[in-house]
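Below is one structure, written out as structure tokens; the observations come after it.
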Amino acid sequence: DERDKKIIAFSAIIPEFTVIQICAYLENPDFEGTIKTLPIYNKQIELLYRHPYLLLWYTLISKFYVQWQRMGFTEPIKFLFDRQLGFEAPAYSLFESMRTMAKSKLAPSFYNLLAGSPEFADDTDQIPLQLADMHAWTVRRELSLQDAGDKVPFEALENFERVTPMTLRVTKEYLEYMAESVRVGSGD
């Protein structure tokens, strides 16, 4: 009962301060059978192809910028991510590559959205990360067959539904396309 009361109370905060909820996911067997099998010779990009985190991170950020502009927002976006040891430096490098490409190929209004670099912080210090973790926990719990007898309170789910969702699925077809692009680019 105490847990449910806390979840309901915290979930009520999310729609007050959240414009859109976004998540990116892929099926692990799809990743294992396509991207992870590639022979990678460049140490800088190896992590991108050995673990799905950076691929999902890149997908989430790149697609969100487009959605942000479509929604009519013009101010730069500040991304705050949970600290991920070993992934932060490659993520910053990936973001800088994204920014460089945007500057040369996109309109200045879109490039200006990229003004702020993503930040990584400890979720014990950041309330927005704590709320995001709680939201992810409730969504996983609601979808999990293992936790079928221990569902999230209905009131909390109603609060989450008050925020526009944006779910990005990285499909097997897209992963195969990426894998083929890498093979062609490396001369394999």
Side-chain angles (χ1 to χ4, degrees), residues 10-11 13-28 30-31 35-36 38 40 42-140 160 163-171 174-175 177-178 181-182 185:
F10 288 142
S11 70
I13 297 169
I14 292 173
E16 290 181 44
F17 298 99
T18 306
V19 175
I20 188 170
Q21 60 174 301
I22 182 170
C23 75
Y25 75 97
L26 56 76
E27 299 291 331
N28 204 37
D30 295 344
F31 181 80
I35 302 298
K36 196 167 180 179
L38 294 172
I40 302 298
N42 182 337
K43 289 287 184 196
Q44 266 187 313
I45 63 170
E46 184 173 351
L47 194 57
L48 178 63
Y49 296 103
R50 295 289 173 237
H51 193 282
Y53 178 83
L54 284 174
L55 179 66
L56 290 169
W57 188 88
Y58 175 80
T59 301
L60 187 139
I61 286 181
S62 60
K63 299 299 182 191
F64 186 77
Y65 279 109
V66 173
Q67 184 63 26
W68 190 249
Q69 193 174 41
R70 282 185 187 147
M71 293 171 68
F73 295 105
T74 56
E75 62 270 7
I77 301 164
K78 178 183 175 186
F79 282 103
L80 179 64
F81 290 96
D82 236 341
R83 189 165 302 283
Q84 298 290 325
L85 297 178
F87 290 101
E88 293 174 32
Y92 285 126
S93 178
L94 196 56
F95 186 78
E96 286 307 315
S97 297
M98 188 185 312
R99 192 189 323 243
T100 300
M101 186 215 52
K103 188 170 190 171
S104 66
K105 296 184 179 191
L106 301 175
S109 62
F110 189 82
Y111 174 74
N112 290 338
L113 295 176
L114 298 166
S117 292
E119 294 179 21
F120 291 87
D122 190 329
D123 61 2
T124 59
D125 300 331
Q126 296 289 328
I127 292 174
L129 289 177
Q130 292 171 11
L131 291 171
D133 284 349
M134 184 203 64
H135 183 242
W137 174 83
T138 57
V139 169
R140 277 193 303 270
F160 295 142
V163 179
T164 303
M166 181 178 174
T167 302
L168 305 168
R169 178 171 183 241
V170 178
T171 64
Y174 181 71
L175 292 170
Y177 166 78
M178 285 184 61
S181 298
V182 170

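Residue indices begin at 1 and follow the sequence shown. As the structure is a computational prediction, the values presented were derived from the model and not from experiment.
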Listed pairs under 3.5 Å, donor-acceptor, residues 114-122 side chains, sequence neighbours left out:
residue : atom : partner : partner atom : Å
Ser117  : OG   : Arg99   : NH2          : 2.8
Asp122  : OD1  : Thr124  : N            : 2.9
Asp122  : OD1  : Thr124  : OG1          : 3.0
Asp122  : OD2  : Thr124  : OG1          : 3.4

Calculate, to the nearest 0.5 Å, the distance between atoms [atom1] and [atom2] belonging to [X] and [Y] respectively.
X	Y	atom1	atom2	value
Leu54	Phe87	CG	CZ	6.0 Å
Ile14	Gln21	CD1	CD	8.5 Å
Ile35	Tyr174	CD1	OH	8.5 Å
Gln130	Ile13	CD	CD1	10.0 Å
Phe81	Asp123	CZ	CG	14.0 Å
Asp133	Gln126	CG	CD	11.5 Å

Exercise for the section: List in chain and number order the residues that pass salt bridge (Lys or Arg N to Asp or Glu O under 4.0 Å) with Glu88, two or more places apart in sequence or in another chain; answer none if no residue qualifies. Expected result: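 Per chain and number, Glu88 pairs via salt bridge (Lys or Arg N to Asp or Glu O under 4.0 Å) with Arg83.
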Exercise for the section: For Thr18 and Pro15, indicate whether the former's side chain and the latter's backbone hold a donor-acceptor pair under 3.5 Å. Expected result: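 Not confirmed, Thr18 side chain does not pair with Pro15 backbone.
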Problem - Under 3.5 Å: donor-acceptor pair, side chain of Ser93, backbone of Ala89 - result: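 Looks like no, no N/O pair under 3.5 Å.
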Practice task
Scan Ile61, Leu55, Leu60 and name whichever one has a side-chain contact (heavy atoms from CB on, under 4.5 Å) with Trp57.
Solution key: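 With Trp57 as partner, side-chain contact (heavy atoms from CB on, under 4.5 Å) holds for just one option, Ile61.
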Practice task
Show your working on side-chain contact (heavy atoms from CB on, under 4.5 Å) between Phe73 and Val19 and close with a plain yes or no.
Solution key: CA-CA 11 Å; Phe73 295 105; Val19 175; 3.7 Å; yes
Problem - 4.5 Å side-chain heavy-atom contact, Thr164 and Gln67 - result: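 Thr164 does not reach Gln67 side chain to side chain.
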Problem - Derivation of the side-chain contact (heavy atoms from CB on, under 4.5 Å) call for Leu168 and Ile22 - result: CA-CA 8 Å; Leu168 305 168; Ile22 182 170; 4.0 Å; yes
Handout entry: Heavy-atom neighbours of Leu80 CG exceed 12 at 6.0 Å
Key =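 Counting neighbours around CG of Leu80, more than 12 heavy atoms of other residues, nucleotides or ligands fall under 6.0 Å, so yes.
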Problem - Tyr53 atom OH, neighbour heavy-atom count above 12 within 6.0 Å - result: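 Correct, the count exceeds 12.
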Handout entry: Closest approach of Val170 to Leu26 (non-hydrogen atoms, all atoms of both residues)
Key =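 Heavy atoms of Val170 and Leu26 come nearest at O-CB, 3.6 Å.
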Handout entry: For the student: nearest non-hydrogen atoms of Lys63 and Met166, plus distance
Key =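 In terms of heavy atoms, the two residues are closest at O-CE, 3.7 Å.
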Handout entry: Phe79-Phe64 aromatic ring centre distance below 6.0 Å
Key =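 Yes: the rings meet the under 6.0 Å criterion.
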